[in-house]
Amino acid sequence: QVQLVESGGGLVQAGGSLRLSCAASGRTFSNYAMGWFRQAPGKEREFVAAISRNGGSTYYADSVKGRFTISRDNAKNTVNLQMNSLEPEDTAVYYCAADRNRVVLSDTRPYTNWGQGTQVTVSS
């Protein structure tokens, strides 16, 4: 199993930016496709973005396309989510996820490994 720890959450005003990071340990990081999800209060967890094992392919939810950018550094075992033009609707707990068997990034099957989450709050 790979262990995942998110960081970088916080409070930001609407229109601002935040950069989330997820540090992985325990297994070969480059063997895992990575994703970011979020869960707002009273809502189901939803997909945000995903990136392939080598970082060559990315996939985004329509709600964040053009505002968020996912990236990874396999040498540092990290995956990042750069969030720009934040909106109050982006307020949620953000989770990092990993899946060794994921080939198609739009695959909706659950990821196998999850972090504990980091809170992002966007004030209006």
Exercise for review: With side-chain contact (heavy atoms from CB on, under 4.5 Å) as the test, would you mind laying out the steps for Val12 and Ser123 before giving the verdict?
Suggested key: CA-CA 6 Å; Val12 64; Ser123 63; over 6 Å; no

Check your understanding: Heavy-atom distance under 4.5 Å between the side chains of Asn113 and Tyr32, does that happen here?
Key -> yes

Exercise for review: Check whether more than 12 heavy atoms from other residues, nucleotides or ligands sit under 6.0 Å from atom CZ of Arg100, and answer yes or no.
Suggested key: no

**Study point:** Side-chain touch Leu4/Met34, heavy atoms, less than 4.5 angstrom
**Key:** yes

**Study point:** Verdict with supporting geometry, Leu20 and Thr118, side-chain contact (heavy atoms from CB on, under 4.5 Å)
**Key:** CA-CA 8 Å; Leu20 305 183; Thr118 185; 4.0 Å; yes

**Study point:** Where Gln39 and Lys43 come nearest, the two heavy atoms and their spacing
**Key:** NE2-O, 3.0 Å

**Study point:** Within residues 42-81 or reaching into it, pairs that qualify as disulfide bond (SG atoms under 2.5 Å apart) - sequence neighbours excluded
**Key:** none

Exercise for review: Assess Arg72 against Phe29: is NZ or CZ under 6.0 Å from the centre of the six-membered ring, and within 45 degrees of the ring's axis?
Suggested key: yes

Review point. Do any N or O atoms from the side chain of Arg67 and from the backbone of Ser85 form a donor-acceptor pair under 3.5 angstrom?
Key: yes

Practice item. Any chance you could lay out the side-chain contact (heavy atoms from CB on, under 4.5 Å) test for Gln119 and Thr91, step after step, and finish with the verdict? Key: CA-CA 8 Å; Gln119 175 70 46; Thr91 294; 4.1 Å; yes

Check your understanding: Considering all heavy atoms of both residues, which atom of Ala40 and which atom of Ala92 are nearest to each other, and what is their separation?
Key -> N-CB, 3.8 Å

Review point. Does some side-chain heavy atom of Leu105 sit less than 4.5 Å from a side-chain heavy atom of Ser57?
Key: yes

Check your understanding: Is there a side-chain contact between Leu81 and Tyr94 (heavy atoms, below 4.5 Å)?
Key -> yes

Point to revise | Salt-bridge criterion met for Asp90 and Arg38 (N-O under 4.0 Å) | key: yes

Practice item. Would you kindly say whether Asn80 and Ser21 are connected by a side-chain donor-acceptor distance under 3.5 Å? Key: yes

Exercise for review: Kindly indicate whether the side chain of Tyr60, heavy atoms from C-beta on, has any atom under 4.5 Å from the side chain of Val48.
Suggested key: no

Practice item. Measure the spacing between CZ of Arg19 and CE of Met83 and express it to the nearest 0.5 Å. Key: 10.5 Å

Study note, to complete from the structure: Interatomic distance, CG@Asp73 vs OG1@Thr78, rounded to 0.5 Å, equals 4.5 Å

Exercise for review: Give, for atom OG1 of Thr58 and atom NZ of Lys65, the distance between the pair rounded to the nearest 0.5 Å.
Suggested key: 9.5 Å

Review point. What distance separates Thr112 OG1 from Asp99 CG, expressed to the nearest 0.5 Å?
Key: 4.0 Å

Practice item. Enumerate the residue pairs fulfilling disulfide bond (SG atoms under 2.5 Å apart) with a member in residues 90-124, sequence neighbours excluded, ordered by first and then second residue. Key: Cys22-Cys96

Check your understanding: Do Phe37 and Glu46 pass the side-chain contact (heavy atoms from CB on, under 4.5 Å) test, and can you show the C-alpha distance, the side-chain angles, and the key distance before you say yes or no?
Key -> CA-CA 6 Å; Phe37 290 74; Glu46 65 174 359; 6.0 Å; no

Exercise for review: Using a 4.5 Å cut-off on heavy atoms from C-beta on, say whether the side chain of Glu6 contacts that of Trp114.
Suggested key: no

Revision key, fill the gap. Note: Tyr111 and Gly35 closest approach over all heavy atoms is CE2-N, 3.7 Å

Check your understanding: Considering residues, nucleotides and ligands other than Arg53, do more than 12 of their heavy atoms fall under 6.0 Å from its CZ?
Key -> yes

Practice item. Would you please say whether a donor-acceptor pair under 3.5 Å links the side chains of Gln82 and Asn84? Key: yes

Exercise for review: Mind listing the closest non-hydrogen atom pair of Val2 and Ala24 along with its distance?
Suggested key: CG2-CB, 3.8 Å

Check your understanding: How long is the span from the CD atom in Gln116 to the OG atom in Ser7, to the nearest 0.5 Å?
Key -> 13.5 Å

Check your understanding: Shared ILVMFWY cluster between Val122 and Val93, side chains joined below 4.5 angstrom?
Key -> no

Check your understanding: Can you get from Val79 to Tyr95 by hopping between Ile, Leu, Val, Met, Phe, Trp and Tyr side chains that sit under 4.5 Å apart?
Key -> no

Review point. Between Phe68 and Trp36, does a ring pair (Phe, Tyr, Trp, His ring centres under 6.0 Å) hold up when you go through it step by step?
Key: CA-CA 11 Å; Phe68 291 11; Trp36 284 96; 10.0 Å; no

